[in-house]
Protein chains: 2
Amino acid sequence: MGNRSDEISKIVTRAIIHKQLLPGCKLSEQTLADIFSVSRAVVRQALIRLSEDGLVTMERNRGAFVSKPTYREAVEIYDALTILEQGVAAQLSGRLGAQGWAELRHHVELQHKAVEEKNDQLSDQLGSGFHEVLVRLSRNTVIQQMHAQLIRRTALLRSLVSSRFDYCGLLHDHGVLIDLLEQGKIAEAQELIAVHHHNVVKGYLMDDEPQPEIDTREALSRYVSQEA
Amino acid sequence: MGNRSDEISKIVTRAIIHKQLLPGCKLSEQTLADIFSVSRAVVRQALIRLSEDGLVTMERNRGAFVSKPTYREAVEIYDALTILEQGVAAQLSGRLGAQGWAELRHHVELQHKAVEEKNDQLSDQLGSGFHEVLVRLSRNTVIQQMHAQLIRRTALLRSLVSSRFDYCGLLHDHGVLIDLLEQGKIAEAQELIAVHHHNVVKGYLMDDEPQPEIDTREALSRYVSQEA
DNA sequence: TCTGTTAAAATTGATATGCAATCTGCACCT
DNA sequence: AGGTGCAGATTGCATATCAATTTTAACAGA
């Protein structure tokens with residue numbers, strides 16, 4: 001689509017994923033309009049796109065902010081990822097051609113190098129990338145898009161915490177997963193996926209436990225709504 | 001959210017789901033602006049929301065149309081639904097309280113009456129409703145929203161074909177599914193979910209086989225792009 | 001009658017501007 | 001320090017305008 005608002009939303013998405021725009025950051029309409037040299041109307045459209053995607057939260061008369069997921073949301077997102085990837089894994093196992101397995105192994109290889117070079121930025125990217133490749137091989141664009149959206153939201157989570165992952169362990173999981181799937185051990189593969197994501201979430205837990213800072217507005221909403 | 005564009009997009013969504021607006025229908029900006037007594041800008045925002053949801057397709061300089069899913073898309077949507085519900089089922093089995101099972105059975109009861117009264121409209125609605133309740137019981141709003149979006153898109157599919165479902169059979173599946181889950185027979189429950197959705201898609205096959213009518217523009221796009 | 005061309009009208013995508021409602025920040029007062 | 005009130009900034013929406021593109025209609029020719 002050749003829409004200006006679409007381009008802008010994609011650019012801002014990239015900025016958010018690359019931790020240039022951090023959760024909670026205000027996205028002023030006029031500021032963005034100046035930055036992209038477009039009218040406020042176009043910026044609003046871009047912000048709406050972003051909010052539909054979950055990366056941005058719009059508050060009436062207050063404006064748009066980069067979303068700040070709660071811990072609960074993090075768990076839900078990884079649960080959703082687990083379910084999607086378990087389903088895809090079951091479909092792929094036994095049905096994927098040699099070229100598919102090769103692509104997965106190649107991806108693990110790439111990440112292996114990134115980890116060895118201690119390139120955390122790249123390791124991170126390739127880490128998510130593996131899961132994306134896995135889903136892409138299912139050849140189901142609907143699932144692919146849902147999954148991609150979830151991955152974008154995990155990027156939000158990563159910029160919310162300064163967690164240090166056990167990249168080596170997570171990477172090892174990827175390799176084992178491929179083996180299990182190729183051998184048709186679906187149940188074990190699915191269990192591994194669940195544990196894998198569970199480990200990632202645990203990595204978040206370290207410094208972002210229950211709730212970092214509570215939004216007063218949200219905390220009081222239930223009381224305000226039933227005031228006399 | 002108190003946005004006007006949000007309200008409008010929800011109203012149009014209802015109209016599409018209720019088959020008042022059919023796939024392929026043109027959604028003129030000015031027309032909608034007149035209908036809702038708002039400016040074109042607000043209508044554009046609503047249309048963007050709808051297109052992000054997949055119910056509406058926007059074509060540059062041509063406008064917005066109610067989406068017309070292909071058969072392939074239908075299969076992909078039901079595959080996605082299958083995966084989501086299989087995952088939710090596995091989580092629910094053994095973990096859901098008595099109240100949860102009761103709610104599910106109650107829902108089947110309601111649909112049973114609707115089918116007896118030959119109220120197809122209501123049967124349809126409750127049919128999707130059962131799946132929504134199932135997912136709601138997972139208490140995962142992320143999965144819930146993804147699932148709800150898929151359900152909306154299945155409504156699109158239903159208005160695209162004049163299929164007559166075997167409501168009785170589908171309803172029976174729901175009852176059996178509850179039994180299987182309550183007994184902890186996860187694998188069988190998951191298989192039933194897959195077969196259930198497969199049967200629904202087969203119902204669509206009857207009169208909407210490969211492609212109803214091909215969009216010339218789309219059909220020729222690959223040739224036009226590489227013309228001399 | 002059918003086909004192809006051309007001109008007019010309609011539609012979209014985007015901008016600019018104005019305005020009411022609301023929120024924010026800050027000086028001010030107790 | 002802590003509450004009050006106002007000025008300025010921001011959002012949400014309306015209207016008006018314009019270029020680009022598409023659609024429609026009229027028209028001419030085979």
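Here is the naming used below: chain letters follow the sequence lines, and residue numbers restart at 1 for every chain.
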Residue from B:Ile83, B:Asn199, B:Val201 passing side chain to side chain contact (heavy atoms under 4.5 Å, CB included) with B:Tyr78: B:Val201
Side-chain donor-acceptor contacts of residues 33-40 of chain B below 3.5 Å, not counting sequence neighbours, with atom names and distances?
residue : atom : partner : partner atom : Å
B:Asp34 : OD1  : B:Gln30 : NE2          : 3.2
B:Arg40 : NE   : B:Glu29 : OE1          : 3.0
B:Arg40 : NH2  : B:Glu29 : OE1          : 3.3

Geometric class of the B:His196/B:His174 ring pair [parallel <30°, tilted 30-60°, perpendicular >60°]: tilted
Euclidean distance, atom CD of residue B:Glu59 to atom C1' of D:dT21 [Å, nearest integer]: 13 Å
Whole-Å distance separating the CG atom of A:Asn61 from the P atom of C:dC19: 19 Å
B:Arg44 vs C:dG13: side-chain N/O to OP1/OP2 distance below 4.0 Å: yes
Closest approach of A:Met58 to A:Ala64 (non-hydrogen atoms, all atoms of both residues): CG-CB, 4.1 Å
Donor/acceptor link under 3.5 angstrom from A:Arg40 side chain onto base of D:dG12: yes
Between D:dT11 (P) and B:Gln45 (CD): distance, integer Å: 13 Å
A:Arg72/A:Glu76 salt bridge by N-O under 4.0 Å criterion: yes
Spacing between B:Arg60 atom CZ and C:dT11 atom P, to the nearest angstrom: 18 Å
Side-chain donor-acceptor pair present, A:Gln121, A:His18, cut-off under 3.5 Å: no
Nearest-Å distance for atom pair CG/C1', residues B:Asn3 and D:dA14: 16 Å
Whole-Å distance separating the CE atom of B:Met58 from the C1' atom of D:dT22: 15 Å
Distance in angstrom units between B:Leu47 CG and C:dG13 P, rounded: 9 Å
Of residues 25-35 of chain B, the positions that come close to DNA chain C - non-hydrogen atoms, cut-off under 4.0 Å: B:Lys26, B:Ser28, B:Glu29
